[in-house]
Amino acid sequence: MAAGEAIVDWYVTAARDLPWRRPGVDAWAVLVSEVMLQQTPVARVEPIWREWMARWPTPADLAAVPPADVIRAWGKLGYPRRALRLREAAVAVVERHGGVVPADVPALEALPGVGTYTARAVACFGYGQPQPVVDTNVRRVMARVLHGRAEAGNARAADLTDVASLTPTDTDRATRFSVAVMELGALVCVARVPRCAVCPVRDRCAWRLAGSPAHDGPPRRVQKFAGTDRQVRGRLLDVLRAAPEPVDSAALEPAWDDAVQRSRCLDSLLTDGLVEQTADGLFTLPA
DNA sequence: AAAGCGTGGTC
DNA sequence: TGACCAAGCTT
């Protein structure tokens, strides 16, 4: 049996029961889950996704509310620009697609905050299309199984042909393969300590057959967080999320000591549309 | 095309 | 303890 087939079979018994994978979940719900899952772990997404689905079950529901509501409901998932873009995507779905999430990849990619990965994930998971779906998990699986390397490099165009080479020919199994290979990367072929003993393709993994060599390329550098503008922006937004009314700049001072950095970050939040200044100069989440 | 963008859990 | 990591996108 080909590797791709083995991965699909493995998924049948090993898959997590995630709420956005249940039958009857529509493409809108899938889109929301995918955007939330961009760089944020499943465990933190789950409760927020449930709240969003109860509150805004259709794109029109989300499109109708002010950004402030959306930013607050995003909570501390991180990268709050995603919340803004998701709302903008909902507006675009209403305006351009009659309120129905489009099913074709180019139309999906044209939505704010939807890139190569998310567009195909929605087409595949939301609409059952046999689309190649490549995320960080899949790239890692490909690096090991196909290329014998311990770690994946950056995303590249050839990723799609890599996945295609493993994909089952049967349409239905091809569709399921896309979730399955992601799940394999998330549960078994993980970054730090892969669980090769339970891997369905352990006997034909190029990396393992090569003796599991350590990563040799340049170390991928991890982003700093403490002291960066990202942390300061997060602090400022924290204050504004909690404030029932617009606040003056003095109310933002406790968020960060360095006035220069604080001011720079407030400006960038204004530029991003995550913060708004009222006519009398107070700061608030955008209405 | 490299850098910026949040947050919290893990080892 | 702090580096590393988590279903990327945008500019």
Side-chain angles (χ1 to χ4, degrees), chain A residues 11 15-16 18-21 25 29-49 71 74-86 88-89 108-126 131-142 150-157 159 163 178-187 189-194 215 218-241 255-256 261 264-265 267-269 271-275:
Chain A
Y11 182 79
R16 289 167 293 178
L18 301 176
W20 43 85
R21 287 181 181 164
V25 169
V30 171
L31 174 59
V32 173
S33 77
E34 291 302 338
V35 172
M36 288 181 171
L37 287 163
Q38 292 169 0
Q39 303 284 280
T40 302
V42 166
R44 286 171 48 208
V45 165
E46 239 193 89
I48 307 291
W49 180 86
I71 294 166
W74 192 256
K76 307 206 74 171
L77 287 184
Y79 296 140
R81 294 194 289 199
R82 289 181 295 164
L84 235 38
R85 293 190 183 125
L86 194 43
E88 289 162 13
L108 285 162
E109 280 184 326
L111 298 174
V114 176
T116 308
Y117 162 77
T118 305
R120 285 163 183 77
V122 171
C124 183
F125 311 152
Q131 293 285 348
V133 178
V134 178
D135 73 334
T136 185
N137 291 305
V138 175
R139 288 208 315 283
R140 188 173 53 247
V141 172
M142 297 302 141
E151 293 180 24
N154 295 321
R156 53 200 177 92
D159 289 337
V163 183
S178 290
V179 231
V181 68
M182 272 179 66
E183 191 77 336
L184 185 68
L187 298 182
C189 195
V190 296
R192 284 169 175 162
V193 188
H215 175 65
R220 130 177 121 117
R221 66 170 190 297
V222 52
Q223 307 185 90
K224 290 282 175 270
F225 178 66
T228 64
D229 285 2
R230 289 209 319 294
Q231 181 179 25
V232 178
R233 286 165 53 105
R235 292 269 194 93
L236 291 170
L237 222 43
D238 231 4
V239 172
L240 293 172
R241 268 194 303 260
W256 198 254
Q261 190 178 14
R264 178 175 71 237
C265 289
D267 279 346
S268 75
L269 288 169
T271 299
D272 287 350
L274 284 164
V275 175

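All values reported here derive from a predicted model rather than from experimental measurement. To find a chain, count down the sequence lines: A is the first, B the second, and so on, and within it residues start at 1.
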Distance below 4.0 Å between [X] side-chain N/O and [N] OP1 or OP2:
| X | N | answer |
| --- | --- | --- |
| Arg120(A) | dG8(C) | no |
| Arg192(A) | dC4(C) | no |
| Thr118(A) | dC9(C) | yes |

Of the nucleotides [options], which one has an atom closest to the side chain of [X]?
| X | options | result |
| --- | --- | --- |
| Arg85(A) | dT10(C), dA7(C), dC5(B) | dT10(C) |
| Ala186(A) | dA7(C), dT7(B), dC5(C) | dA7(C) |
| Val222(A) | dG8(C), dG6(B), dC5(C) | dC5(C) |
| Lys76(A) | dG8(B), dG4(B), dA7(C) | dG8(B) |
| Arg44(A) | dT7(B), dA7(C), dG4(B) | dT7(B) |

Within the structure shown, what part of the strands sits under 4.0 Å from [X] by heavy-atom distance: base, sugar-phosphate, or nothing?
| X | value |
| --- | --- |
| Val190(A) | nothing |
| Ala191(A) | sugar-phosphate |
| Leu236(A) | nothing |
| Leu237(A) | nothing |
| Arg241(A) | sugar-phosphate |
| Ser33(A) | nothing |
| Trp74(A) | nothing |
| Thr136(A) | sugar-phosphate |

*Euclidean distance, Glu183(A) CD relative to Tyr11(A) OH, rounded to 0.5 Å*: 5.5 Å
*Any donor-acceptor N/O pair, Glu109(A) side chain to Arg120(A) backbone, under 3.5 Å*: no
*Any donor and acceptor pair, going by atom type alone, linking the side chain of Asp272(A) with main-chain N or O of Leu274(A) inside 3.5 Å?*
no
_Taking dG6(B) as the reference, what is the distance to dT11(C) when you measure between their P atoms (whole Å, please)?_
14 Å
_Between dA3(B) and dA7(C), how far apart are the two P atoms, rounded to whole Å?_
22 Å
In whole Å, what is the span from the [atom1] atom of [X] to the [atom2] atom of [N]?
| X | N | atom1 | atom2 | result |
| --- | --- | --- | --- | --- |
| Arg82(A) | dT7(B) | CZ | P | 10 Å |
| Leu77(A) | dG8(B) | CG | P | 10 Å |
| Tyr79(A) | dC9(C) | OH | C1' | 10 Å |
| Arg81(A) | dG8(C) | CZ | C1' | 12 Å |
| Leu111(A) | dC9(C) | CG | P | 12 Å |
| Arg235(A) | dG8(B) | CZ | P | 11 Å |
| Asp229(A) | dT7(B) | CG | P | 13 Å |
| Met182(A) | dG8(C) | CE | P | 7 Å |

*Where each residue is assigned the nucleotide of DNA chain C containing its nearest heavy atom, which of Arg221(A) and Gln39(A) is assigned the position nearer the 5′ end?*
Arg221(A)
*Hey, which of these two, Arg16(A) or Pro112(A), hits DNA chain C nearer its 5' end, going by closest nucleotide?*
Arg16(A)
*Distance-only donor-acceptor test, Thr116(A) side-chain atoms vs dG8(C) base atoms, 3.5 Å*: no
_I'd like to check Leu84(A) versus Trp74(A) (side-chain heavy atoms, cut-off strictly below 4.5 Å). Are they in contact?_
no
*Closest nucleotide of DNA chain B for Asn154(A) versus for Arg230(A): which of these residues is on the 5' side?*
Asn154(A)
*Evaluate the salt bridge (Lys or Arg N to Asp or Glu O under 4.0 Å) criterion for residues Asp238(A) and Arg235(A): first the C-alpha distance (whole Å), next the side-chain angles of each, then the deciding distance (0.1 Å), finally the verdict.*
CA-CA 5 Å; Asp238(A) 231 4; Arg235(A) 292 269 194 93; over 6 Å; no
_Tell me whether Arg16(A) at atom CZ has more than 12 heavy atoms from other residues, nucleotides or ligands lying less than 6.0 Å away._
yes
Donor-acceptor pairs under 3.5 angstrom involving side-chain atoms of residues 38-47 of chain A: please list them, not counting sequence neighbours.
unit_1	atom_1	unit_2	atom_2	d
Gln38(A)	NE2	Gly113(A)	O	3.4
Gln38(A)	NE2	Thr118(A)	OG1	2.9
Thr40(A)	OG1	Leu77(A)	O	3.1
Thr40(A)	OG1	Arg82(A)	NH1	3.4
Thr40(A)	OG1	Arg82(A)	NH2	2.9
Arg44(A)	NH2	Lys76(A)	O	2.9
Arg44(A)	NH2	Leu77(A)	O	3.4
Glu46(A)	OE1	Arg50(A)	NH2	3.1

